[in-house]
Engineer: 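Attaching a single structure in structure tokens format; questions to follow.
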Amino acid sequence: RIRVNHKSPGFEKQPTSEKTARGPSLRRLLTDRKRTSMSLSAWTHHSLLKATAPINFDQGRLAKGAVNREARELLREMTRARESYIEQLSDPSNSSETVTRACNDYLALLMGLIEPPDSSLVEGGKVPKPIKSKDAAADVHVKEGAGDAPSPEGEGSEEGGDAAAAAAAPKKGKKSKAKEEPMKLFGAIIPGMRGATLFKWMDAISGNAMEFTDAQCELICCLLNLGLWHCLHASVQGAKATAGDEDGTLTKAVYTSLLSAAAIFSYVDKFELSKVEFRENHDFDERLVESMAIQCLAEAQEVTTTIAQKKGHDPKLISGLARDNSELFAAAKEKIEKMPQQLAADLTSYCAFKIKFYEATALCENGAALYAQCEETNQCGPAVKCFQEAVKLLFDSAEASEKYIKEKKRRSNKNFNQTRDNDVTKLDAFRDVAKKTKNLLDKAERERSFIYHDKIPDFLPEDIIPAKRLVKATPYELPMISEKWNSALFNQTLIPLRGDDMAADKASSDNSRLKFGRHFAPARLDDAVCSVQ
């Protein structure tokens, strides 16, 4: 190559309009900013855990159907298993095996309430299927928030309704809490063991306190919380990995937890949500659950992309991985775009930021692959075009991140950590890509002007490196129903419906209050429906 005096007549470097517009700004973006070692893979967005109220299965309505000692012991064990599971969830630094085992122990017992084995029911102890009734006490009560759902409808059973609806209706002369409170009614009367317990959960996305009288809803909430815990666990392990992870153990833990979360959300979406009534704009909304599954898969792929970048793998491989990252986040964003923005704006803006960032990463690596072939192809314009578009996308991603932080502050209220450094442009992952893009753009433009003299195309090359996916979640499987159900005997006809026996209602923890913690989603409403502490 011939050395050329840049100041010689005829060899002045003509800056492109893109460089004039973006070059100085990109340079300022990389200077005068304190670096942070936080990994972009650890800088993730997930809902906090769903708060719940304690349950005493061994007292109240359900206990009235227990026929033998084994049945009463099973209910006591179920109470202990649920308490243990909720306690394990409260600490995201616990081992994944411990939390999963606690969840499986409880679900193995809970599944007997949903579909009791025939051997556990005494003769004549079976009950009919759930009775659909618009005006009867429902399986879900929701205290409505502003703009979240339509106005509540009237409760109670009308004169001339079916027998089950009349039995569930408030008795004359007694005050009915369900009638006094503004609630939205869903579903059906669920007699027997499946509908004997009142479960209370906080809806993470809408901020509503919710009540369920369906054990199937309890199973879904427990699985969603397990998936959310895996996300929090991945964030904790990722923060530790930035401080040092020579053997890669922590990075592997992040990767495994995110895949586990993706598998759980996918299982809930495909196999469990169809067993309950669709509830739009709540945690049971299939659009949200499917989006969460795709998001976790994308974040697991982020770990793979980061490892490939650190080890200096082929730019074509990194470009393919980054492009797949962008497409996964785009798919996650598409699922929730039609949800109300006051509920999903933080998640959609987070996905928009990741889409732009990984598009920029893919084009940077694509340009690097083209730049390495300049001598063979005798042109450098296509590489320059890739770098220029990557610079645009980096600025777009920085702007999208600012919108995401704004929405996250709005949604998190007082629980948002104001001391945390939330500037994405200070992250090593962002700065490394921006610096690499800037350096390669400068080099490519110099060589194009002084050596190849080819034109910068108006559009990106047609042979863009396609997406490449290396992650795949192992399908989640529910545990088998506990063997303790084989010896327990229940008579479901002895279990009263809620409202028929006030003493049994009180003993059934119907008045228990939601319990929150550091990693639980905050309440946004008063305690008119579900008591909150």
Side-chain angles (χ1 to χ4, degrees), residues 49-117 119-120 192-202 211-230 233 264 478-492 495 504-520 530-531 533:
L49 296 174
K50 295 162 61 67
T52 186
I55 299 293
N56 288 326
F57 294 100
D58 57 327
Q59 299 178 18
R61 291 183 296 271
L62 195 57
K64 286 183 175 294
V67 174
N68 62 356
R69 178 184 299 177
E70 288 78 4
R72 290 186 288 273
E73 180 58 34
L74 184 147
L75 295 179
R76 285 190 287 269
E77 180 61 28
M78 194 183 304
T79 301
R80 290 192 293 266
R82 191 179 193 271
E83 290 176 353
S84 175
Y85 173 50
I86 300 302
E87 182 180 356
Q88 294 294 335
L89 283 176
S90 62
D91 188 357
S93 63
N94 286 336
S95 69
S96 176
E97 294 77 11
T98 301
V99 176
T100 302
R101 182 168 57 251
C103 180
N104 288 343
D105 290 345
Y106 173 56
L107 294 184
L109 296 168
L110 179 68
M111 289 166 62
L113 295 183
I114 301 173
E115 295 184 6
S119 61
S120 296
M193 300 171 67
R194 177 169 170 173
T197 307
L198 180 66
F199 300 99
K200 300 181 181 181
W201 287 88
M202 177 59 65
E211 293 180 342
F212 305 98
T213 54
D214 185 354
Q216 175 65 29
C217 295
E218 165 78 354
L219 183 142
I220 293 174
C221 288
C222 288
L223 289 176
L224 290 177
N225 248 9
L226 181 61
L228 292 172
W229 181 89
H230 276 292
H233 182 68
I264 293 169
L478 272 179
M480 299 293 294
I481 187 171
S482 174
E483 295 180 355
K484 295 181 179 181
W485 282 95
N486 296 334
S487 57
L489 287 178
F490 288 87
N491 187 341
Q492 296 195 94
I495 301 176
D505 291 346
K506 185 176 181 180
S508 298
S509 304
D510 286 4
N511 297 324
S512 60
R513 301 162 68 88
L514 292 177
K515 291 187 176 181
F516 295 88
R518 177 184 175 188
H519 302 287
F520 289 84
C530 292
S531 299
Q533 68 179 10

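Treat the numbers as computed from the prediction; the structure is a model and nothing was measured.
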Engineer: Can you find a heavy atom in the side chain of Leu478 that is under 4.5 Å from one in the side chain of Leu107?
Structural biologist: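 A side-chain contact under 4.5 Å exists here.
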
Engineer: Answer yes or no: is there a side-chain heavy-atom contact under 4.5 Å between Leu113 and Leu62?
Structural biologist: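 Yes; the side chains approach each other to less than 4.5 Å.
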
Engineer: May I have the step-by-step check of side chain to side chain contact (heavy atoms under 4.5 Å, CB included) for Thr52 and Arg82, ending in yes or no?
Structural biologist: CA-CA 11 Å; Thr52 186; Arg82 191 179 193 271; 2.8 Å; yes

Engineer: Side chains of Leu219 and Met111: closer than 4.5 Å at any heavy-atom pair?
Structural biologist: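 Result yes, sub-4.5 Å side-chain heavy-atom pair found.
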
Engineer: How many angstroms lie between atom NZ of Lys50 and atom CG of Leu89, to the nearest 0.5 angstrom?
Structural biologist: 12.0 Å

Engineer: Give me the one residue out of Asn104, Asp105, Thr100 that meets side chain to side chain contact (heavy atoms under 4.5 Å, CB included) with Pro479.
Structural biologist: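 That would be Asn104; it is the only one of Asn104, Asp105, Thr100 passing the side chain to side chain contact (heavy atoms under 4.5 Å, CB included) with Pro479.
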
Engineer: Between Glu218 and Trp201, is any side-chain donor less than 3.5 angstrom from a side-chain acceptor?
Structural biologist: yes

Engineer: Find the distance between CG (Asn56) and OG (Ser509) and round it off to the nearest 0.5 Å.
Structural biologist: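 That separation rounds to 3.5 Å.
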
Engineer: What's the spacing between Cys221 SG and Gln216 CD if we round to 0.5 Å?
Structural biologist: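 Result: 10.0 Å between the selected atoms.
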
Engineer: Looking at Arg76 and Glu73, does any basic side-chain N land under 4.0 Å from a carboxylate oxygen?
Structural biologist: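 Counted as a salt bridge, because a side-chain N and a carboxylate O are separated by less than 4.0 Å.
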
Engineer: Could you tell me whether a side-chain N or O of Gln492 sits under 3.5 Å from a main-chain N or O of Met193, the two making a donor and an acceptor?
Structural biologist: yes

Engineer: Could you go through the salt bridge (charged side-chain N to carboxylate O under 4.0 Å, His left out) check for Arg80 and Glu83 one step at a time?
Structural biologist: CA-CA 5 Å; Arg80 290 192 293 266; Glu83 290 176 353; over 6 Å; no

Engineer: Using a 4.5 Å cut-off on heavy atoms from C-beta on, say whether the side chain of Tyr106 contacts that of Cys222.
Structural biologist: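 Yes, side chains in contact.
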
Engineer: To the closest 0.5 Å, what do you measure between NZ (Lys200) and CG (Leu514)?
Structural biologist: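 These two atoms lie 7.0 Å from each other.
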
Engineer: Give a yes or no on whether a salt bridge exists between Asp510 and Arg61, defined as a side-chain N under 4.0 angstrom from a carboxylate O.
Structural biologist: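 Salt bridge present between Asp510 and Arg61.
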
Engineer: Evaluate the ring planes of Phe57 and Phe199, with Trp represented by its six-membered ring, and classify them as parallel (under 30°), tilted (30 to 60°) or perpendicular (over 60°).
Structural biologist: tilted

Engineer: Which heavy atom of Gln88 sits nearest to which heavy atom of Ala102, and what is that distance?
Structural biologist: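 In terms of heavy atoms, the two residues are closest at CG-CB, 4.0 Å.
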
Engineer: Between Ser512 (side chain only) and Pro54 (backbone N and O only), is there a donor and an acceptor less than 3.5 Å apart?
Structural biologist: yes

Engineer: Among side-chain atoms of Arg194 and Thr213, is any donor-acceptor pair under 3.5 angstrom?
Structural biologist: no

Engineer: Shortest non-hydrogen contact from Trp485 to Pro117?
Structural biologist: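 Trp485 and Pro117 have their closest heavy atoms at CB-CG, 4.0 Å.
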
Engineer: Report the distance from atom SG of Cys103 to atom CG of Asn225, rounding to the nearest 0.5 Å.
Structural biologist: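 If I round to the nearest 0.5 Å, the distance is 9.0 Å.
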
Engineer: One pair to check against side chain to side chain contact (heavy atoms under 4.5 Å, CB included): Thr197 and Phe212. What are the steps and the verdict?
Structural biologist: CA-CA 8 Å; Thr197 307; Phe212 305 98; over 6 Å; no

Engineer: Given the rule in the side chain to side chain contact (heavy atoms under 4.5 Å, CB included) test, do Leu109 and Ile481 qualify, once you have shown the distances and angles that lead to the verdict?
Structural biologist: CA-CA 6 Å; Leu109 296 168; Ile481 187 171; over 6 Å; no

Engineer: How long is the gap from CG on Leu74 to CG on Leu489, to the nearest 0.5 Å?
Structural biologist: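 Answer for the CG-CG pair, Leu74 versus Leu489, is 11.0 Å.
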
Engineer: Testing the basics here: between Ile55 and Thr79, what is the closest heavy-atom pair and its distance to 0.1 Å?
Structural biologist: O-CG2, 3.3 Å

Engineer: Mind running side chain to side chain contact (heavy atoms under 4.5 Å, CB included) on Ser508 and Gln59 for me, showing each step along the way?
Structural biologist: CA-CA 6 Å; Ser508 298; Gln59 299 178 18; over 6 Å; no

Engineer: Between Ala63 and Leu75, what is the shortest heavy-atom contact and its length?
Structural biologist: CA-CD1, 3.9 Å

Engineer: Would you check, one step at a time, whether the test side chain to side chain donor-acceptor pair (under 3.5 Å) holds for Asn68 with Glu70?
Structural biologist: CA-CA 6 Å; Asn68 62 356; Glu70 288 78 4; 3.1 Å; yes

Engineer: Check whether any side-chain heavy atom of Leu224 lies under 4.5 Å from a side-chain heavy atom of Leu226, and answer yes or no.
Structural biologist: no

Engineer: Are side-chain heavy atoms of Arg101 and Thr98 found at a separation under 4.5 Å?
Structural biologist: yes

Engineer: Donor-acceptor pair, Trp229 side chain versus Ser96 backbone, under 3.5 Å?
Structural biologist: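 Between the backbone of Ser96 and the side chain of Trp229 there is no qualifying donor-acceptor contact (under 3.5 Å).
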
